[in-house]
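Dropping the structure in here first, questions after.
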There are 2 protein chains.
Amino acid sequence: MIRRPGIKDVAASAGVSIKTVSRVVNAEEAVHPETRARVLHAIQVLGYVPNTAARSLKSGTGGAIGVVIDSLADPFFAALVSAIETRALAEGLSVLVASSNLDSDQERDQLLSLVAGHQVAGVIFAPVAAEHPYLDAYRTVTPVVAVDRSRAGFDSIVVDDRGATVLAVQQFVDLGHERIAFFDRDQRFSTIERRMSGYLDVLREAGLPFDPELVSETVDGSLDYRSEADRLLGLDRPATAFFASNAKAAIGLTAALHRSHRQHTAMIAFGDFSFADVVRPGVSCIDQDPFLIGNAAFERLLARRESSSDEPREWIVPTALLQRGSGEIPAPVTTSETGTATATETATATATRGGAR
Amino acid sequence: MIRRPGIKDVAASAGVSIKTVSRVVNAEEAVHPETRARVLHAIQVLGYVPNTAARSLKSGTGGAIGVVIDSLADPFFAALVSAIETRALAEGLSVLVASSNLDSDQERDQLLSLVAGHQVAGVIFAPVAAEHPYLDAYRTVTPVVAVDRSRAGFDSIVVDDRGATVLAVQQFVDLGHERIAFFDRDQRFSTIERRMSGYLDVLREAGLPFDPELVSETVDGSLDYRSEADRLLGLDRPATAFFASNAKAAIGLTAALHRSHRQHTAMIAFGDFSFADVVRPGVSCIDQDPFLIGNAAFERLLARRESSSDEPREWIVPTALLQRGSGEIPAPVTTSETGTATATETATATATRGGAR
DNA sequence: ATGAAAGCGCTAACAT
DNA sequence: ATGTTAGCGCTTTCAT
């Protein structure tokens with residue numbers, strides 16, 4: 001017979017009832033040690049593995065959690081899922097991954113498939129749509145946590161976009177820069193808009209004028225990083241420092257600067273990337289740690305399983321500014337030097353990180 | 001009531017029996033168009049999503065496939081899973097991911113959990129252990145495909161390790177190199193051993209002596225790439241060309257060469273990495289396309305579902321040698337030049353690839 | 001073209 | 001401490 005062993009086979013083999021087997025498997029109540037041993041032996045011999053389908057059919061909630069992210073091809077999200085998977089494994093849960101590809105419809109299909117179809121024990125997702133009303137019917141039974149982007153009504157794990165940007169741009173100001181570029185604004189993403197607001201705040205407080213020419217903007221989803229970098233460097237009063245608003249832009253900018261032999265231009269990137277510490281000078285980065293975010297999200301999921309009572313809120317995960325060289329380059333000396341001489345010590349957490357991935 | 005709608009609710013709402021609803025959902029046989037329309041309407045209104053647990057309990061095989069890989073934190077495997085996920089989505093299947101972390105026991109636990117516990121419709125895995133006898137009981141019902149590393153008895157999707165290495169090392173020989181380093185041999189991995197054998201074959205055919213000093217070897221899982229590179233460059237007769245046997249070694253080697261200002265040393269890497277085309281010169285790579293491998297694996301899984309009859313075999317996915325500069329650097333001219341002058345045209349497929357990831 | 005009833009493997013009452 | 005029984009939501013015979 002090719003039929004896989006079921007609880008009945010174990011029961012028969014151990015000479016007990018199926019309920020006793022169930023009790024042993026689920027570590028329920030007290031089973032006589034001798035009986036338990038016999039059952040465990042039978043399980044071993046037969047190679048019995050409980051059928052999760054039957055289990056979740058009965059209990060209404062399964063042995064897997066669902067994760068919906070932009071795309072697994074994005075290293076940040078891949079690392080995020082990896083962190084979640086590690087935690088899930090320890091908890092005896094499996095992980096169902098699905099990509100939204102930043103499409104609201106696909107996001108809806110994937111979420112419903114997980115929550116209604118697979119009856120997952122919880123969902124962690126990087127929200128795309130502004131609202132997710134279709135989840136309402138399930139949220140009483142399935143905890144849902146948002147990551148990377150915040151959504152009202154959900155526990156949301158995010159990094160302090162605005163605050164981290166403030167520290168980075170302030171560092172440029174302290175180094176005497178007056179022409180600071182915001183490289184790749186994209187109004188479709190609220191996280192990037194929050195970084196933009198931090199940028200503006202620092203300029204205002206420092207008394208520096210805001211120059212729209214210093215902002216590169218992605219329109220219709222595309223921006224040629226190379227020519228955009230050339231434009232900023234070719235202005236009458238060129239940019240002397242670059243804040244790259246996301247890892248993709250940072251990679252493009254780094255490549256562009258290297259190709260134009262301008263790699264000694266000051267630069268800080270939001271988001272770490274694999275070769276940031278390989279190129280010279282190293283690219284200073286705001287480190288958005290996917291493991292920290294993944295762990296926090298999983299933690300929230302577990303907490304929600306216990307008490308679904310308390311109000312959902314935003315959970316802010318700390319970032320670090322990795323000083324690798326490119327962010328510490330001072331402004332070139334100009335004839336009309338007006339910058340203050342007070343080189344304020346930044347309160348930024350600093351760290352170095354070895355081993356490129 | 002917070003109960004999610006079931007097939008019964010749909011049946012009641014549409015005024016038909018549950019079997020008719022089942023038929024509509026599964027696109028079975030011919031249902032009267034009018035009836036079908038009524039059922040579809042009811043499904044729409046109620047937001048009905050079939051319960052996969054019940055479905056797989058009944059049918060014995062579920063709506064998900066399982067993928068077990070080394071680690072999602074490895075960009076190659078993340079991209080591989082991404083490719084698989086895309087294909088699965090089109091087929092209406094979900095993806096359960098699990099990591100082995102290169103541990104045989106964990107591999108076994110994960111595989112059994114997927115196959116016996118979740119009753120997945122198929123498994124794609126990057127094998128760790130040499131044998132997987134515990135899968136035998138399930139393979140008649142669950143198709144299993146190996147990727148990246150080959151295993152007898154399984155359909156295995158691999159790239160032509162030896163052949164691709166031969167092309168790369170031959171290119172060095174054609175450019176006059178006589179001191180070619182094999183950077184990072186690791187005897188634990190059969191793929192890397194196959195690359196090693198290709199390296200040896202080229203040397204033998206070219207009449208070049210094999211010098212063990214030119215082989216860097218990972219022992220006990222660790223190798224300091226930087227000092228190892230220095231050693232090879234500091235030999236009495238130093239290495240003039242490097243074959244990096246894997247992406248991790250390639251990253252370490254690139255960093256080491258740049259730090260020592262030796263970036264104009266000839267180098268070809270097995271496996272592409274994100275900044276290979278950003279540094280100068282670009283690092284020539286043997287491109288091991290995860291999307292190609294993922295697609296081939298999924299294809300095999302589907303084929304196995306149809307006919308499990310034919311003998312499992314190895315499926316070799318093509319590679320390309322991406323000429324980016326570092327692999328085309330000729331040997332420095334020496335006083336005792338003995339190399340033939342015939343610069344053989346290589347049969348290598350060449351391509352350029354834009355956009356660093 | 002449609003329906004009734006049995007049962008997949010397990011857990012949760014409710015015995016004993 | 002252990003056993004009996006019902007039923008989760010669906011698909012699958014077998015009728016009609």
For A/R55 and C/dC8, what is the distance between atoms CZ and C1' respectively, to the nearest whole Å?
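Nearest whole value for this atom pair: 16 Å.
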
What is the distance from NZ of A/K19 to C1' of D/dT5, rounded to the nearest Å?
12 Å

What is the distance, rounded to the nearest whole Å, between atom CG of B/N26 and atom P of D/dG9?
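Rounded to whole Å, this separation is 17 Å.
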
Can you check the A/H32 NE2 to D/dG3 C1' distance for me, whole Å?
17 Å

For B/P33 and B/Q119, find the nucleotide of DNA chain C closest to each by heavy atoms; which residue's nucleotide sits nearer the 5' end?
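Between the two, 5'-proximity favours B/P33.
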
Here the gap from B/F154 atom CZ to B/L135 atom CG, rounded to the nearest 0.5 Å, amounts to 5.0 Å

Spacing between B/L46 atom CG and D/dG9 atom C1', to the nearest angstrom:
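Spelled out: CG on B/L46 to C1' on D/dG9 is 15 Å.
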
Which nucleotide, C/dT11, D/dT11, C/dC8, lies nearest any side-chain atom of A/K58?
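Closest of the options to the side chain of A/K58: C/dT11.
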
Nearest whole Å is fine: how far is C/dT11 C1' from A/R23 CZ?
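A/R23 atom CZ is separated from C/dT11 atom C1' by 11 Å.
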
Taking only side-chain N and O atoms of B/S17, does any of them lie within less than 4.0 angstrom of OP1 or OP2 on C/dT2?
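Answer no for this pair, as no side-chain N or O of B/S17 is under 4.0 Å from OP1 or OP2.
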
Length of the CG-P vector between B/L57 and C/dG7, whole Å:
14 Å

Answer yes or no: does a side-chain N or O of B/T35 lie under 4.0 Å from OP1 or OP2 of C/dT2?
yes

Check every strand shown and say whether A/S56 touches a base, only sugar-phosphate, or nothing at a heavy-atom separation below 4.0 Å.
nothing

Any chance you could measure A/F125, atom CZ, to A/L114, atom CG, to the nearest 0.5 Å?
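Answer for the CZ-CG pair, A/F125 versus A/L114, is 11.5 Å.
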
With heavy atoms under 4.0 Å as the rule, sort B/T20 into base, sugar-phosphate or nothing.
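It contacts sugar-phosphate atoms only.
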
Has A/S22 got a side-chain N or O lying under 4.0 Å from the OP1 or OP2 atom of C/dT11?
yes

Considering only side-chain heavy atoms of B/I18, which listed nucleotide, D/dG9, D/dG3, C/dA5, is closest?
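The answer is C/dA5, which lies nearest to the side chain.
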
B/R38 CZ to C/dT2 C1', in whole Å, measures 11 Å

Considering only C/dT11, C/dT2, D/dG9, which nucleotide approaches the side chain of A/I7 most closely?
C/dT11

Give, for atom CD of A/Q119 and atom OG1 of A/T142, the distance between the pair rounded to the nearest 0.5 Å.
8.0 Å

The reported gap from CZ in A/R108 to OH in A/Y134 (rounded to nearest 0.5 angstrom) is 7.0 Å

Please report the shortest heavy-atom distance between A/V95 and A/E85, naming the atom on each side.
CG2-CA, 3.9 Å

